[in-house]
Number of protein chains: 2
Amino acid sequence: MLSFTEENYLKALLHLTIETGDKEEAGTNEIAAHLNVKPATANDMLKKLKEKKLIDYEKYGKSSLTTSGRKLAIEVVRKHRLWETFLYEKLEFTWDEVHEVAEQLEHIQSSKLVDKLDKFLNYPVFDPHGDAIPTAKGEMKVPLKKTLNEQEIGRSCMMIGVKENSSSFLQYVDKVGLSINKKIKVLSKQPYDELIEIEVNGKRFSVSPKFAENILIVSEDVEPMNTKRKN
Amino acid sequence: MLSFTEENYLKALLHLTIETGDKEEAGTNEIAAHLNVKPATANDMLKKLKEKKLIDYEKYGKSSLTTSGRKLAIEVVRKHRLWETFLYEKLEFTWDEVHEVAEQLEHIQSSKLVDKLDKFLNYPVFDPHGDAIPTAKGEMKVPLKKTLNEQEIGRSCMMIGVKENSSSFLQYVDKVGLSINKKIKVLSKQPYDELIEIEVNGKRFSVSPKFAENILIVSEDVEPMNTKRKN
DNA sequence: TACAAATGTTAGCCTACTCTAACAAAATAA
DNA sequence: TTATTTTGTTAGAGTAGGCTAACATTTGTA
Ligand SMILES: [Mn+2]
Ligand SMILES: [Mn+2]
Ligand SMILES: [Mn+2]
Ligand SMILES: [Mn+2]
């Protein structure tokens with residue numbers, strides 16, 4: 001059984017390597033900075049995690065997750081994002097409030113709890129930030145994320161989140177019939193005033209670019225593993 | 001901000017004193033035993049909690065919660081029982097599975113989370129063990145708990161839990177239309193075979209004493225603070 | 001009342017996690 | 001290719017929470 005601290009180191013390493021995409025391994029200072037501890041502190045823990053065969057690490061070298069370390073890290077991320085989804089969907093939290101509480105909830109140990117929560121939420125694929133939720137098997141497909149204004153004309157996409165949280169914006173979102181996991185089709189863009197015509201729930205609306213750039217979407221086509229977010 | 005450990009000591013003290021009803025204070029060994037630590041360990045913590053003015057304690061004396069200590073302890077109990085209710089009502093946990101996970105969840109720090117959870121569960125009054133859930137204001141009415149077979153003829157009561165968990169029993173409970181918070185009226189008891197005739201949802205059933213003694217109920221009349229459970 | 005048993009406290013030690021200060025190695029720039 | 005900066009490590013120390021062994025106090029009983 002891992003401690004909260006150990007879990008947080010594994011998660012940090014996952015975020016700094018695989019999730020950020022371009023790197024296979026991370027340095028001690030980098031890990032320390034991410035976790036708000038001093039390099040000396042991180043160094044101790046890295047030695048400990050190496051001992052437990054959860055990471056590969058050699059003195060003065062970079063660190064990376066082993067297969068079992070990665071599996072555990074993904075488990076934590078899964079829990080984090082399921083809890084964020086729960087808070088957002090069921091408890092009326094806003095998308096910017098969920099992360100802090102999920103940082104605590106992600107460490108609750110109970111495989112039954114995770115699986116039942118997943119079921120209760122109807123096996124969600126994206127969390128309120130639009131990040132992919134790993135499945136029970138540890139698979140995580142990562143979407144081509146963009147904002148609604150970046151979507152090409154004539155294509156469909158799915159709303160996965162918002163970038164703004166003002167009540168006026170949210171009320172507008174609601175009025176148009178949009179919410180997470182809703183299908184949106186981009187019908188046209190008006191060259192003159194840049195208004196974007198979309199179809200939601202079979203109804204048509206014209207929205208401003210300002211509105212559209214605060215709607216996070218994922219294109220229908222989803223490709224494997226590669227995201228930028230760290231929540 | 002209190003640590004998990006400190007919260008557990010306060011909760012232990014609440015359970016050993018107010019909740020068990022007959023005592024105002026608890027001894028060091030007793031507290032240690034309840035928390036599965038050695039008396040020396042408990043002694044250190046009691047000194048620390050006294051320093052923080054959360055308990056009253058004098059060397060070689062018994063300990064008791066101060067007003068602020070009691071308030072915090074009740075907060076933890078509130079969270080514990082709300083989470084148990086959540087697990088039971090929403091995630092299909094059985095009544096004997098909820099406690100262990102709630103022991104972890106009760107330490108999550110977020111007043112918004114607690115309040116929203118309470119609302120989401122529709123402000124439940126009893127947890128799956130039939131224990132009263134303290135309100136947001138820290139009020140906790142404690143019911144006259146008994147089992148269905150102990151209820152007098154002609155009186156109504158409310159189901160607050162079960163004492164058994166076999167699927168055959170649970171299916172029976174379900175078939176009769178019973179669940180937590182359901183009203184039950186005891187119509188009669190057959191002297192010959194001791195069958196109890198009850199009314200649930202306007203329908204009448206006869207149940208055996210064996211069945212009835214595994215149904216936890218609370219009489220309509222509720223009186224202030226005094227329960228025996230420690231979950 | 002005196003003594004034994006039960007209860008509570010202290011001292012000393014341990015592990016986990018954190019820090020600062022000093023030092024070593026690696027990477028980069030002159 | 002040497003010097004400097006960046007990065008990483010070690011040593012020593014602190015806090016929280018836990019333990020054992022020894023000791024002190026209180027309680028209950030003979
Ligand atoms: Mn997050
Ligand atoms: Mn997220
Ligand atoms: Mn419980
Ligand atoms: Mn309970």
Side-chain angles (χ1 to χ4, degrees), chain A residues 1-13 15-17 20 22-65 69 72-73 76 103-104 106-107 109, chain B residues 1-13 16-17 20 22-65 69 72-73 76 103-104 106-109:
Chain A
M1 188 109 313
L2 299 180
S3 68
F4 284 25
T5 309
E6 289 169 322
E7 288 192 340
N8 284 335
Y9 274 86
L10 295 182
K11 194 163 60 110
L13 209 36
H15 286 140
L16 293 172
T17 58
T20 309
D22 27 33
K23 282 187 294 180
E24 257 300 298
E25 37 182 33
T28 305
N29 286 2
E30 199 183 352
I31 295 166
H34 190 80
L35 292 166
N36 286 305
V37 296
K38 300 298 166 190
T41 306
N43 186 267
D44 280 352
M45 183 57 84
L46 292 176
K47 285 190 275 187
K48 192 172 149 196
L49 292 173
K50 176 202 167 77
E51 205 52 48
K52 293 192 176 189
K53 299 191 192 306
L54 297 173
I55 69 169
D56 289 320
Y57 160 78
E58 293 304 332
K59 200 199 266 198
Y60 290 107
K62 309 274 184 187
S63 303
S64 61
L65 291 163
L72 289 167
V76 178
E103 282 294 308
Q104 299 178 59
E106 71 189 5
H107 301 293
Q109 307 285 165
Chain B
M1 188 109 314
L2 298 181
S3 68
F4 284 26
T5 309
E6 289 169 321
E7 288 192 340
N8 283 335
Y9 274 86
L10 294 182
K11 193 164 61 110
L13 207 36
L16 294 172
T17 58
T20 309
D22 27 33
K23 282 187 295 180
E24 257 298 298
E25 37 182 33
T28 305
N29 287 2
E30 198 183 353
I31 295 166
H34 190 80
L35 291 166
N36 285 304
V37 295
K38 301 298 166 191
T41 305
N43 185 267
D44 281 352
M45 183 57 84
L46 293 176
K47 285 190 277 188
K48 192 171 149 197
L49 293 173
K50 175 202 166 77
E51 205 53 48
K52 294 192 175 189
K53 299 191 192 305
L54 298 172
I55 69 169
D56 289 319
Y57 160 78
E58 295 302 334
K59 201 197 265 196
Y60 290 107
K62 309 275 184 186
S63 302
S64 61
L65 292 163
L72 289 167
V76 177
E103 282 294 308
Q104 299 179 60
E106 70 188 5
H107 301 293
I108 304 292
Q109 304 287 162

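Throughout, a chain's letter reflects where its sequence line sits, starting with A, and its residues are numbered from 1.
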Nearest whole angstrom, please: distance from the P of C/dA16 to the CD of A/Glu7. 16 Å
Return no unless some side-chain N or O of A/Asn29 is found under 4.0 Å from OP1 or OP2 of D/dG8. yes
For a quick test of reading the model: is some side-chain N or O of A/Lys47 closer than 4.0 Å to OP1 or OP2 of D/dT10? yes
Round to a whole Å and report the spacing from CD of A/Glu25 to P of D/dT7. 15 Å
Sugar-phosphate means primed atoms, P, OP1 and OP2; the rest is base. With that split, encode nucleotides 18-23 of chain D 5' to 3' as B, S or - using protein heavy atoms under 4.0 Å. SBB---
Would you mind reading off the distance between B/Glu30 atom CD and C/dT9 atom P, rounded to a whole angstrom? 13 Å
Between A/Lys11 and A/Glu103, does at least one N-O distance fall below 4.0 Å, as a salt bridge requires? yes
Counting only heavy atoms from other residues, nucleotides and ligands, does the tally under 6.0 Å from NZ of B/Lys52 exceed 12? yes
May I have the distance from B/Tyr57 (atom OH) to D/dT25 (atom P), rounded to whole angstrom? 13 Å
Calculate the interatomic distance between A/Leu46 atom CG and D/dT9 atom P; express it in whole Å. 7 Å
Are any non-hydrogen side-chain atoms of B/Leu10 and B/Val76 less than 4.5 angstrom apart? no
Within this structure, what is the CG-to-P distance between A/Asn43 and C/dA22, rounded to whole angstrom? 18 Å
Can you check whether A/Leu13 reaches A/Tyr57 side chain to side chain, under 4.5 Å on heavy atoms? no
Rounding to a whole Å, what distance do you find between A/Glu58:CD and D/dT7:C1'? 17 Å
Are B/Lys62 and B/Glu24 ion-paired here, with the side-chain N under 4.0 Å from a carboxylate O? no
Tell me whether the rings of A/His107 and A/Phe4 are parallel (<30°), tilted (30 to 60°) or perpendicular (>60°). parallel
First encountered from the 5' end of DNA chain C, between A/Glu6 and A/Lys59: A/Glu6
